[in-house]
Structures are given as C-alpha cells and as structure tokens.
> 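Structure in structure tokens, see below.
Along the sequence shown, the residues carry numbers beginning at 1.
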Amino acid sequence: MIQIDHFLSKEHGQTGYDASIEPVLRVKAGSGETIGFETDDALYAQLHKVRSLDKVTATINPVTGPVYVEGAEPGDALKVTIVDIILKDYGWSVSLPGAGALANRMGDETFTRKVPILGDKVRLTDTLFTPTRPMIGCIGTAPAQGTGSTIMPSFPSGGNMDLTDAAPGSTVFLPVEVEGAYLSIGDIHAVMARGESSFVAIEAEGTAVVTIDVVKGMNLRAPRIRTRDEWCFIGIGDPVQESIQRGYEDMFDFLVDYHKWDKEDAYVVMSALAHSELGGPTGSENPDPLHPFTAIGAVTVHRLPRRILA
C-alpha cells in the first residue's frame, strides 16, 4: 500500500489553471512527501442519466489543486514523479455529438457506457477485457497570465494533454511560469489508446499519487516526460505541423545544448530512432465557440530512447 502524506479530495476541483486561486496545499520541493490528487468524474455519471450535456450541472473536466511548491520560480521545471494511480470500480465511455474523430459515425445521439474496472482489467464489452493502463489526462502548472483550460486548448505549461505516458513510473517535467508553480491534476483514465479517437477515453475517478521536486533553470517551453525507456518531448503548437516541428526541435536542443552532442550526430540519430505520434486531440488553438468540443490540432509526442544516452 502506497503511503499518502497529503490527500487532496475532489472537493478541491477547479475549472482552470490559475495562479489567482488560493493554494490548497504548500509543500517544499524535494521533500519526498507523497501527494494524492483525487479526481472527479461526476459529469459522466450525470450524463449517463440525463443523456444531454446541456442538462449536466457537474463541472466539466475539473482539476484538483492547486499546490504551491516552495522553491519553484519562473524558468524552473516542476519535476512530478507519478508513484501510483489508484482507480475506483468503474469508468465511462462517452460519445458527445460533434466531438472526436468518430463524430460522423456516431451521429447526433449522446452515448454512454458504464465500464467496470475489475482489479487490473477493464471490461470493455460483455466478452472483451483489456488490462488497465491508468494515466493522467490533465496535469499542469499555472500560466504566467490568465487561466489555462482544463478542456482545450493545451498550453505551454500543460493542461489537458491526454498523454498515455503520464503514468505510474514516469516523471513529468512542467514549465514553471509563476512563483510556486501552482500544480493541479485531474482527468484520470483507466485506459486510453494513443491519439484518443473518441476525445473521451475510458474516464475513471481515482487518485494520482505523486512526489514533487524542482529542476532549477531548465527553461522548458513545453512539458516533457521521462519514462523507464524513453524521453518524450511534447509538441504544443498551431497548426499541428508547428506542434510536430517544436517537439522535434526540443529533442534536438536536448541532445545538442544539454548533452553537448554534435548537431550532425543528433540529426542522424533522430532520423533513425526518434519516433513521433499524436497525443491528445486538444491542440493549442482556442476552440470554435459555436462548437466548443471540436478538437482543433493535436498535441504531439516525440520519443527518444533513453539507452542512447547511457
């Protein structure tokens, strides 16, 4: 059983990432203390009953927090190590009219399915099970100005990126734009296919257990994830071609500027070993106000094997 030193209930859910919100907890960077962020999926339970987003009163995609990190200053990176994700007993699959890549196929009716979580397996249909792969959909720090969305768009210091690699055993590095960072976490998924065709994965309430440290002067322009085997460089740009280019550039700079590789070596190795794919579909552009769930652009993920740096 993982010890949780500080538990933040879903009652602390917020509708955005904003440094004007009073922190619910203050911690010292590098203390090693574990923080449990409980997340809230009341929206999906309501939607299952009323079958229309217009009738739902629950907050859409809330994030729990914020947490003020003593020692975090603009230009630093918040180092968030995901120790565990504890799921509850069920999740939800939902089709919202007009949302996701399959909107034309699913039609104009709202679809919901309560999806049982049975230990380490998720029952997708009456006969088909798949292993749980819990992940954090929304993780970020407060932007320097204004409020960061918990839905779309993603922004330089995080947000609703829907990255399968934000999972137990991984470390997420987030740009710090305000003193204290103001970390918030929400939108846990029991399992999600990369790219998130539906725009809503197998959403599930749960608790993300993390530890927090600070890397001074890292000066990131977008989040970064270190898994057991890979470095993942997150592209957040507009349009998606810019997102792709920015992710590749950050990887190149990581090798050349930080690890002091020759640029020619970095170019050749990336050509051979750097894989890219779509992350979540939330993009970096403000959504069309008439169709607020139409994802514009995409977050991108650029993968570099850690073994090449050994």
> Check whether the ring centres of W231 and F173 lie less than 6.0 Å apart, and answer yes or no.
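That pair passes the under 6.0 Å test.
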> Taking Y44's backbone N and O only, do any of them form a donor-acceptor pair with E203's side chain (distance below 3.5 Å, no angle check)?
no
> To the closest 0.5 Å, what do you measure between OG1 (T171) and CZ (R226)?
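If I round to the nearest 0.5 Å, the distance is 4.5 Å.
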> Do you know the tightest heavy-atom contact between G32 and T211?
O-CG2, 3.8 Å
> Compare all side-chain heavy atoms of I308 with those of W261 and state whether any distance is below 4.5 angstrom.
yes
> Taking side chain as C-beta onward, heavy atoms only, is T15 less than 4.5 Å from T150?
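Result no, sub-4.5 Å side-chain heavy-atom pair not found.
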> Hydrophobic clusters here meaning ILVMFWY residues chained together by side-chain heavy-atom distances under 4.5 Å, can you tell me if V268 and L255 are in one?
no
> Would you find a donor on one side and an acceptor on the other, under 3.5 Å apart, between the side chain of T125 and the backbone of L128?
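Judged by distance alone, yes, a pair lies under 3.5 Å.
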> When you compare the side chains of R194 and T164, does any donor N or O come within less than 3.5 Å of an acceptor on the partner?
yes
> Do F199 and L96 share a hydrophobic cluster (ILVMFWY, side-chain heavy atoms under 4.5 Å, transitive)?
yes
> Would the distance check show the side chain of D41 and the main-chain N or O of A204 forming a donor-acceptor pair, the cut-off being under 3.5 Å?
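It does hold such a pair.
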> Under the 3.5 angstrom rule, does the side chain of R26 hit a backbone N or O of P23 as a donor-acceptor pair?
no
> How are the rings of H259 and F254 set to each other: parallel, tilted or perpendicular (split at 30° and 60°)?
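Ring orientation, 0 to 90° scale: perpendicular.
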> If you take all heavy atoms of A77 and M218, which pair is closest and at what distance?
CB-SD, 3.4 Å
> Applying side chain to side chain contact (heavy atoms under 4.5 Å, CB included) to L273 and R307, what does each step give before you reach the verdict?
CA-CA 11 Å; L273 300 177; R307 60 181 171 79; 4.0 Å; yes
> Measure from the side-chain N and O atoms of S243 to the backbone N and O of G235, and report whether any donor-acceptor pair falls under 3.5 Å.
yes
> Salt bridge check, K216 against D76: does any charged N sit closer than 4.0 Å to a carboxylate O?
yes
> Are the side chains of S184 and P66 in contact, using a 4.5 Å heavy-atom criterion?
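Yes, at least one pair of side-chain atoms sits under 4.5 Å.
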> Please check if the distance between the ring centroids of F155 and Y17 is under 6.0 Å.
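Ring centroids of F155 and Y17 are less than 6.0 Å from each other.
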> Evaluate side chain to side chain contact (heavy atoms under 4.5 Å, CB included) for V214 paired with V176, printing each intermediate quantity in order.
CA-CA 9 Å; V214 168; V176 175; 5.8 Å; no
> Say whether, by atom type as modelled, one donor and one acceptor occur between the side chain of T110 and the main chain of P97 under 3.5 angstrom.
no
> Please check if the side chain of S198 supplies one atom and the backbone of V200 the other of a donor-acceptor pair under 3.5 Å.
yes
> So I139 and L183, do their side chains get closer than 4.5 Å, heavy atoms only?
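In short, these two side chains touch, coming nearer than 4.5 Å.
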> Hey, are D229 and T227 close enough side-chain-wise for a donor-acceptor pair under 3.5 Å?
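The answer is no; no qualifying pair exists.
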> V83 and L25: same hydrophobic cluster, using ILVMFWY side-chain contacts below 4.5 Å?
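V83 does not cluster with L25.
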> Using a cut-off of 6.0 Å, state whether more than 12 heavy atoms not belonging to F129 lie near its atom CZ.
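Yes, CZ of F129 has more than 12 neighbouring heavy atoms, counting only those of other groups under 6.0 Å.
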> With the 4.5 Å side-chain cut-off for hydrophobic clustering, are L118 and I202 part of the same group?
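Shared cluster, no.
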> Between D262 (side chain only) and E264 (backbone N and O only), is there a donor and an acceptor less than 3.5 Å apart?
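Such a contact is absent between D262 side chain and E264 backbone.
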> If you define the side chain from C-beta out and look only at heavy atoms, does anything of L174 sit under 4.5 Å from P223?
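Heavy-atom side-chain distance check passes, below 4.5 Å.
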> Let me confirm one number: the CD1-CG distance from I225 to L163, rounded to the nearest 0.5 Å.
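I225 atom CD1 to L163 atom CG measures 4.5 Å (nearest 0.5 Å).
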> Give the cluster check for L87 versus F37: same hydrophobic cluster or not, with ILVMFWY residues linked at side-chain heavy-atom distances below 4.5 Å.
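Yes; F37 is reachable from L87 via cluster members.
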> Is E277 salt-bridged to R303, cutoff N-O under 4.0 Å?
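Salt bridge flag = yes for R303 with E277.
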> Determine the minimum heavy-atom distance between D213 and A29, stating which atoms define it.
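Closest approach of D213 to A29: OD1-C, 3.9 Å.
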> Looking only at side chains, do Y90 and E205 share a donor and an acceptor under 3.5 Å apart?
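Judged by distance alone, the side chains do not pair up.
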> In terms of side-chain heavy atoms, does S9 have a donor or acceptor partner in E11 at a distance below 3.5 Å?
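No, no side-chain donor-acceptor contact under 3.5 Å.
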> What are the two closest heavy atoms between V301 and C232, and how far apart are they?
CG1-CB, 4.0 Å
> Just verifying a value: how many Å separate T39 OG1 and K10 NZ, rounded to the nearest 0.5 Å?
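The distance works out to 8.5 Å.
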> Using side chain to side chain contact (heavy atoms under 4.5 Å, CB included), reason through M192 and D162 one step at a time and then give a plain yes or no.
CA-CA 9 Å; M192 187 191 91; D162 285 337; 4.1 Å; yes
> Any Lys/Arg nitrogen of K28 or E70 sitting under 4.0 Å from an Asp/Glu carboxylate oxygen of the other?
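No salt bridge links K28 with E70.
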> OG1/T64 to NE2/H12 distance, rounded to the nearest 0.5 angstrom?
8.5 Å
> With a 4.0 Å cut-off, would you call E249 and R221 a salt bridge?
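A salt bridge links E249 with R221.
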> So with a 6.0 Å cut-off around CZ of F252, is the heavy-atom count from everything else above 12?
yes
> Minimum heavy-atom separation for T59 to P62, with atom names?
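In this case the closest contact between T59 and P62 is O-CD, 3.5 Å.
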> Looking at T81 and V210, would you say the former's side chain and the latter's main chain have a donor-acceptor pair under 3.5 Å?
no
> Take N61 and C138, measure what side chain to side chain contact (heavy atoms under 4.5 Å, CB included) needs, and give me the verdict at the end.
CA-CA 8 Å; N61 233 34; C138 285; 3.4 Å; yes
> To check you understand the geometry: which heavy-atom pair defines the closest contact between Y248 and S276, and what is its length?
OH-OG, 2.8 Å
> Can you confirm whether F7 sits close enough to T207 that some side-chain heavy atom of one is under 4.5 Å from a side-chain heavy atom of the other?
yes
> Measure the spacing between OH of Y182 and CG of L78 and express it to the nearest 0.5 Å.
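Interatomic distance, Y182 OH to L78 CG, rounded to 0.5 Å: 13.0 Å.
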> Would a 4.5 Å heavy-atom cut-off, applied to side chains only, mark I35 and L8 as touching?
yes
> Say you draw a straight line from CD1 of I236 to CG of D250; how long is it, rounded to the nearest 0.5 Å?
10.0 Å
> Is the backbone of L102 close enough, under 3.5 Å, to the side chain of N104 for a donor and an acceptor to pair up by distance?
no
> Is the closest side-chain heavy-atom distance between Q46 and T57 below 4.5 Å?
yes
